[in-house]
Amino acid sequence: MLDIEKKIEALSKEIVATSIANKDQLETFRIRFLGSKNCLKPLFGALKEVPNDEKKSVGQQINQLKQTAQEKFDDSQAQLEEQTETKESLDFTRPGEPQPLGARHPISVVRNEIISIFERIGYGISEGPEIEDDWHNFSALNFPPEHPARDMQDTFFVEKDDREMALRTHTSSVQVRVMENETPPIRTISPGRVYRNEAISARAHCFFHQVEGLFIDKDVSFADLKQTLLYFAQEMFGKKTKIRLRPSYFPFTEPSAEVDVSCTICQGSGCNVCKNTGWLEILGCGMVDPNVLEASDIDPETYSGFAFGMGVERIAQLKYRVNDLRLYSENDVRFLNQFKSAF
Ligand code: PHE
């Protein structure tokens, strides 16, 4: 083996053995093997001394050596770059990105509160379809066909499977379904979305939410209804709240009443929210009409009951003083964010 070949072999071993673990070592390697005064250069000079018949093979060995050095350099450089990249993306000292916390919608907050008030006195929850047939939304509730009472609630009619159906105008329809399927005693509330064909304004919308209640048992009286509603009003608006009942009309209850609570803002002394009357209307109610019990096969000679229904938006409006109904469905986060502390 020629001297020059021994040198080539030694340098080749050195290249393999050199460890490159950081940028300084990489630079030292570059200067030694690839820089302008690198240690391979003298080999090219010494090539002149090599006998002619060996020149080709030795020349190839030197070129191979140079290539090995270049490859080792390239690989090490790429590896070091990768390491610094992953190091940067795993900076454990960086402060965390804050996660914005959502808020429950005010309608859900108030609906849940109404539900929980009635659950505490033994009411269960019933739900039903939003697309209803005429029977459950009207007929079973003592609205005779063509009766003008149907105009009380402007209805959206839709077609479903070739049948004329309605978007329910109240969740009393759910209570018909409960009466049809259960035997008294019945104690249930039906929360849900309802629809009415009204022009959208600050005070009216084409959909809103209700919670309606139904209690049927032996010997249920108007006094039971009144006490239940007083309990609800005081749980919802505070222990000092008073209620008053005004005679009213609904096809499905007899007698019927509308219920006012003492103004939650001025406590009855008069303000612009209660229009100086001291009272705010919150719901409709009454004793279930015997015709309604009969329509669901409940014997009105044995059983009596009361029903009531309220708008969730209305209660929310009084609790949070929201003066425009449209805010509830516009999804403006500036509005929704204000309910972050409510559950
Ligand atoms: N269903 C009535 C409405 O939608 C409310 C109501 C329910 C009134 C039960 C009396 C009794 O307005």
Side-chain angles (χ1 to χ4, degrees), residues 107 111 114-115 118 123 125-130 132 134-144 147-156 166-179 186-198 203-217 220-222 224-230 232-233 243-261 280-293 295-296 298 300 303-315 317 325:
I107 294 303
R111 180 203 56 205
I114 298 171
I115 289 174
F118 283 104
Y123 281 75
I125 297 169
S126 44
E127 292 186 308
E130 292 185 14
E132 256 310 356
D134 179 273
W135 172 255
H136 291 96
N137 198 75
F138 292 121
S139 299
L141 288 161
N142 201 30
F143 288 81
H147 191 280
R150 291 180 187 232
D151 296 338
M152 276 169 71
Q153 304 175 338
D154 293 315
T155 312
F156 284 116
L167 298 186
R168 68 181 178 197
T169 57
H170 50 189
T171 57
S172 304
S173 55
V174 180
Q175 313 200 322
V176 173
R177 291 176 180 275
V178 174
M179 287 188 284
I186 291 171
R187 222 178 329 179
T188 186
I189 49 171
S190 347
R193 179 175 284 190
V194 300
Y195 302 83
R196 293 190 193 174
N197 192 354
E198 289 190 38
R203 320 189 87 236
H205 212 295
C206 59
F207 67 80
F208 59 99
H209 301 79
Q210 281 190 328
V211 176
E212 295 215 354
L214 176 72
F215 182 27
I216 297 174
D217 203 348
V220 178
S221 73
F222 201 87
D224 296 323
L225 168 61
K226 220 173 142 181
Q227 201 57 33
T228 303
L229 296 176
L230 179 65
F232 166 73
I243 61 168
R244 77 173 182 187
L245 279 71
R246 287 176 285 106
S248 184
Y249 172 77
F250 298 102
F252 32 89
T253 47
E254 182 61 36
S256 304
E258 264 161 327
V259 179
D260 299 340
V261 289
L280 299 161
E281 187 191 326
I282 58 159
L283 56 83
C285 67
M287 301 306 292
V288 181
D289 193 293
N291 289 345
V292 173
L293 295 175
S296 296
I298 294 174
Y303 293 105
S304 56
F306 63 72
F308 55 86
M310 68 187 92
V312 180
E313 278 80 350
R314 172 77 178 151
I315 307 286
Q317 177 192 16
L325 264 181

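Both ligands and their constituent atoms are indexed starting at 1 by order of listing. Computation of the quantities below employed the complete heavy-atom set of this structure, encompassing side-chain atoms and omitting hydrogens, waters and symmetry-equivalent molecules.
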Side chain, backbone, both or neither: [X] near ligand 1, heavy atoms under 4.0 Å:
{"X": "Phe252", "answer": "side chain"}
{"X": "Ala307", "answer": "both"}
{"X": "Arg196", "answer": "side chain"}

* 4.0 Å heavy-atom contact, Gln210 with ligand 1 ->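 True for this residue.
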* Asked: Mind checking whether Cys285 has a heavy atom under 4.0 Å from ligand 1?
  ->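 Per 4.0 Å heavy-atom rule, Cys285 contacts ligand 1.
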Please name the pair of heavy atoms, one in [X] and one in [Y], separated by the smallest distance, quoted to 0.1 Å.
{"X": "Phe308", "Y": "Cys285", "answer": "CB-CB, 3.7 Å"}
{"X": "Ala257", "Y": "Phe222", "answer": "CB-CZ, 4.5 Å"}
{"X": "Val259", "Y": "Leu245", "answer": "CG2-CG, 4.0 Å"}
{"X": "Ala233", "Y": "Val261", "answer": "CB-CG1, 3.7 Å"}

Taking only heavy atoms of [X], which atoms of ligand 1 are found under 4.0 Å from at least one of them?
{"X": "Glu212", "result": "1 (N), 2 (C), 3 (C), 4 (O), 5 (C), 7 (C)"}
{"X": "Ser172", "result": "1 (N)"}
{"X": "Phe308", "result": "7 (C), 9 (C), 11 (C)"}
{"X": "His170", "result": "1 (N), 4 (O)"}
{"X": "Phe250", "result": "8 (C), 10 (C)"}

* **With Ser304 via side-chain hydrogen bond (donor to acceptor under 3.5 Å, both in side chains) - residues at least two apart** =>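 Not a single residue meets the side-chain hydrogen bond (donor to acceptor under 3.5 Å, both in side chains) criterion with Ser304.
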* To do: Would you confirm whether the ring centroid of Phe118 sits within less than 6.0 angstrom of the ring centroid of Phe232?
  =>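 Yes; Phe118 has its ring centre under 6.0 Å from that of Phe232.
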* To do: Can you sort out the partners of Arg244 under salt bridge (Lys or Arg N to Asp or Glu O under 4.0 Å), two or more places apart, ordered by chain and number?
  =>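 Arg244 satisfies salt bridge (Lys or Arg N to Asp or Glu O under 4.0 Å) with Asp260 once adjacent residues are dropped.
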